[in-house]
Structures are given as C-alpha cells and as structure tokens.
Amino acid sequence: MNDSTLVSSLMDRDVAGVTIGWVDNNGIVRSRTVPVGELPSAVRRGVGVTAVFAVFDSHDGITFAHEGLSTPSGDVRLIPVVDSPSDVVPLAGQPGIAWANGRQVSADGSPWPYDQRSVLERQVSRAADAGFEVKAGFEMEMVITRESDGTPAHRGPAYSANALRDIDEFTVRLLRDLAANGISIGQLHAEYGDSQVEIALSPLGPVEAADAQVLARQTIHSAAQTHGLRVSFAPLPSLAGAGNGWHLHTSLARDGVNALTGDDEYGLSAVGRNYIAGLVRELPGIVAVTAPSSGSLLRRRPGYWAGAYGFWGVENREAAIRLVPSSPLLGTEHTNVELKACDASANPYLALAVTIAAGLDGIADGRELTDPIQEDVGGWDDDRRLAAGISPLATTHEEQRANLVSSGLVRRVLGDQLLGAFVACRDADEAWAANRSDDDVLESLRWIY
Ligand code: GLU
Ligand code: MG
C-alpha cells in the first residue's frame, strides 16, 4: 500500500488526525498529532520535537543536570513507525483519531541515542543472534474511580463477579475497543485492591508487546472517559491500598519451541535456569529501570505481591521473580518468567530491554541458579534473609540511584547518554519530592500514566 492509499483508507474511516505516541523516561506517554494528510510527510521526515524530552521529569519540569542535554537548544524528529498499514490504528474509543507509535531520530535522520525504542530493538537483535525469539506480555493493574466525585467504580469483593457487574458497561466497551484496536488480552478481572481491575495482555514480540501496552493505555483511558470513569495506572494510587503492578512476563523460544522448558525438578532447561539466574543477579539494576519512580519506591512493600525482595520462587507471588512453569495441562509452551517489580512509571521499551539483556547474559555466562524460595521472606528476620542471600530491593532514591549508576548491565543496555538523562530525571523527581509528604507525591503521580 502506498502513502496515498493509506491516507485515503484512513479518510474512508473518517480519520482526521494521527497521534504519534512515544514514552519518555518517566513512563509518561507523550504525543504529537498530525492531520491525516500530513502522515506521509511525517513518515518520511518526522515532526520536530525538542531534544529535551529526554530530560523531562514526572512533573513536567525540565532538568538540565545531564551534561549532554544541558541547554534548551536542539530538535529531534519524531517518526511514526509505519512498516505496514495496520501500524496506524483508527482508535475505537476516539473516533477521528488514529494511533501510531513513534521513533525519535536526530535532525539529520541518524540514530538518536536517547530513543528508547532503539534500545529495545538492539536487545531483540542480540537475542536473535543468540538463536532466541523473545515473547513478552504485560499485566496491567489499574484503579478505577468515578470522574464526578472520585468514589470507587466498583465495590469489590476482590476478584468477584459482583465487582465487575458494577462496571459492566465499561468492561464491555473496553473488550470491544481493545479487540477493534488490535490488542489481544488473555483475561480481565477485578483485582485485590480497592476498585482495582487488571487486564493481561497476550504475549508478543518485545517491541510489539511494548507498543501494545502503550496503545492499551490509550484505549482504557478512552473507554473509561466514555463511561464517566477515570483510571489511575500509578504504581501506588494511594498509601492505604494495594499498588498497581505491571508485571512483565517473558519467555524465550528457539526454533519455535519454548527454550525455558526442560526436565529439571522445576520444569526448566539449562537455558531456563541460566535465564532466571541472570535476572536474579541483576535485580537491583533492573528494577531501577522497571519500577523507577518515587511511586515505585513506595509501592515496594512486603506483603503486597509487589516484589519487595530480590529472590526467585516457583509460583511464589512474593518473589520479585516468579517462575510460571509448564504443566501437563498447560503444555510445554507455557513456561515463562514474571518480573513483579515493574509498573507503569517504567518506559516499557527500556524495561523489556534490561530484562532481556540480563537473562541473555545469564545464558551467555552459564550462570548457576540457586534453589527457589517458596515462602514469604518478608516474615523472616534479617539474619535468616542474610543467610539465604536475600536482600530487600531499594526503597529509597539514594539506594536505587546507586544501583542504577553502578549496574554495568543498565549502562551497557541504555548507553551512557540515555542513562545520564534517566538518572537526571530520577534526581529531579527526588528533588521535587524532597519537601513533600508521601501523600502529595502519590497525588502528583496519580493521573499521569
Ligand atoms: N497489586 C500487586 C502489585 O502491586 C500485585 C498483585 C498480583 O500479584 O496480581 O504488584
Ligand atoms: Mg494482578
């Protein structure tokens, strides 16, 4: 399909504008909308956006603390990624608008070191070079309230049909809109927290999984708005309740067959063992990218299934790394690894990139896997955890920052420039939070994702 055929087919569907979305270093989806007739030009030349989006913080402040982007000068091009016509999605919930995911390139068209999408693409290529195809999918938890008065949209109980009946019209619209927008989900349910709901996206290739997560957010927000509801994807909507985890599931296939599955006592292959060992080894650095915000640090509490401690277990929901094994019922393709310490404030492209890289490193090094832990280690005393080699993951900015800058893995995957910008964003968020209460910090993050 050529440019003009694509534009006419979009116009036939009454599309007036194409929104080009990308995710910044705070997990915020930023966008530009072009009139539909300008799409071909945008695909060829991009639209201009400031270079300092890489150093926007969670409060729309711009930090100039990162050396590479220390002035307001500079422009980059945002290019809608349109490899096939289906990459431009007329939005079911926003008649007249279509969606495309964006890539940032330098003004001369060369790669822009701060482009998060390219970071993930590099890890996908690296996996392919090692003979692996990666599959990934996010679970998305959210809290839904009434727009008019902020009251809960459902009354529970957790996981109940009663709860979902309270938001029946929204649910039906959401299921229809997700399908119309080409997003496949495994399931939807009322989650444990107050007025919480979860959808689980079906597994896809990593870049496609990140793209789907971004489009799912847009789809969910629109469906909610239509029904007078408002959705918070924030890692911790309020101190009182459960957090919103966006758990990240990954698996590897070789020659079309799940490469994690094997015949050790946990149903793992050597590759599967090394993959998990690689993830566990790098957890402090990984979670500084996959759950990076002030809200993420507050979400990271034992007893909430949010991955507060750095260990792995088989189906252990308190573990930061949960093995989801195959079974005779589920079949050998089912094996996957869930990272609990991931949330909406992560850039999904970066989150996937560091996760995949850590697993591939584990395989490359033949990293030995420790025994799984099946208990809630939050109930253990410090000595017992120490003896088992289990540390709490960071809960302060200082610890998390130190883990970020000292992780060779994160530096290699993001590159010095993007890492520098990412750290500057975290520092700016911390400076904003310094003289404010936890409640005020959470309030400031509640609606931004
Ligand atoms: N809401 C929990 C979190 O913050 C997760 C609950 C679950 O395991 O589904 O991650
Ligand atoms: Mg859940």
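Residue numbers count from 1 along this sequence. Everything numeric here is computed off the predicted structure, so don't read it as measured data. Ligands are counted one by one from 1 in listed order, and the atoms in each one are counted from 1 as well.
Protein residues with a heavy atom under 4.0 Å from ligand 1 are E141, E191, E198, G243, G245, H247, R299, Y304, W305, A306, K340.
Contact annotation: the side chain of Q123 never approaches that of Y349 to less than 4.5 Å [non-hydrogen atoms, C-beta and beyond]. L339 is listed as a side-chain neighbour of I286, based on a closest heavy-atom distance under 4.5 Å.
A centroid separation of less than 6.0 Å is found between the aromatic rings of F233 and W246.
Judged by the 6.0 Å distance and 45° axis criteria, R426 is positioned over the aromatic ring of F422. Both the sub-6.0 Å distance and the 45° axial angle are satisfied by R301 relative to the ring of Y304. A cation-pi arrangement is not found for R103 relative to W22, the charged atom failing to lie both closer than 6.0 Å to the ring centre and inside a 45° cone about the ring normal.
For V413 against R122, the heavy-atom pair with the smallest separation is O-NH2, 3.5 Å.
For the pair D166 and R146, the salt-bridge criterion is not met [side-chain N within less than 4.0 Å of a carboxylate O].
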- [ ] Apply side chain to side chain donor-acceptor pair (under 3.5 Å) to the pair D427 and H397, showing each step before the final yes or no.
- [x] CA-CA 8 Å; D427 288 347; H397 169 72; 3.0 Å; yes
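Only protein N, O or S atoms were considered, and those under 2.8 Å from the Mg ion (ligand 2) are E141 OE2, E191 OE2, E198 OE1.
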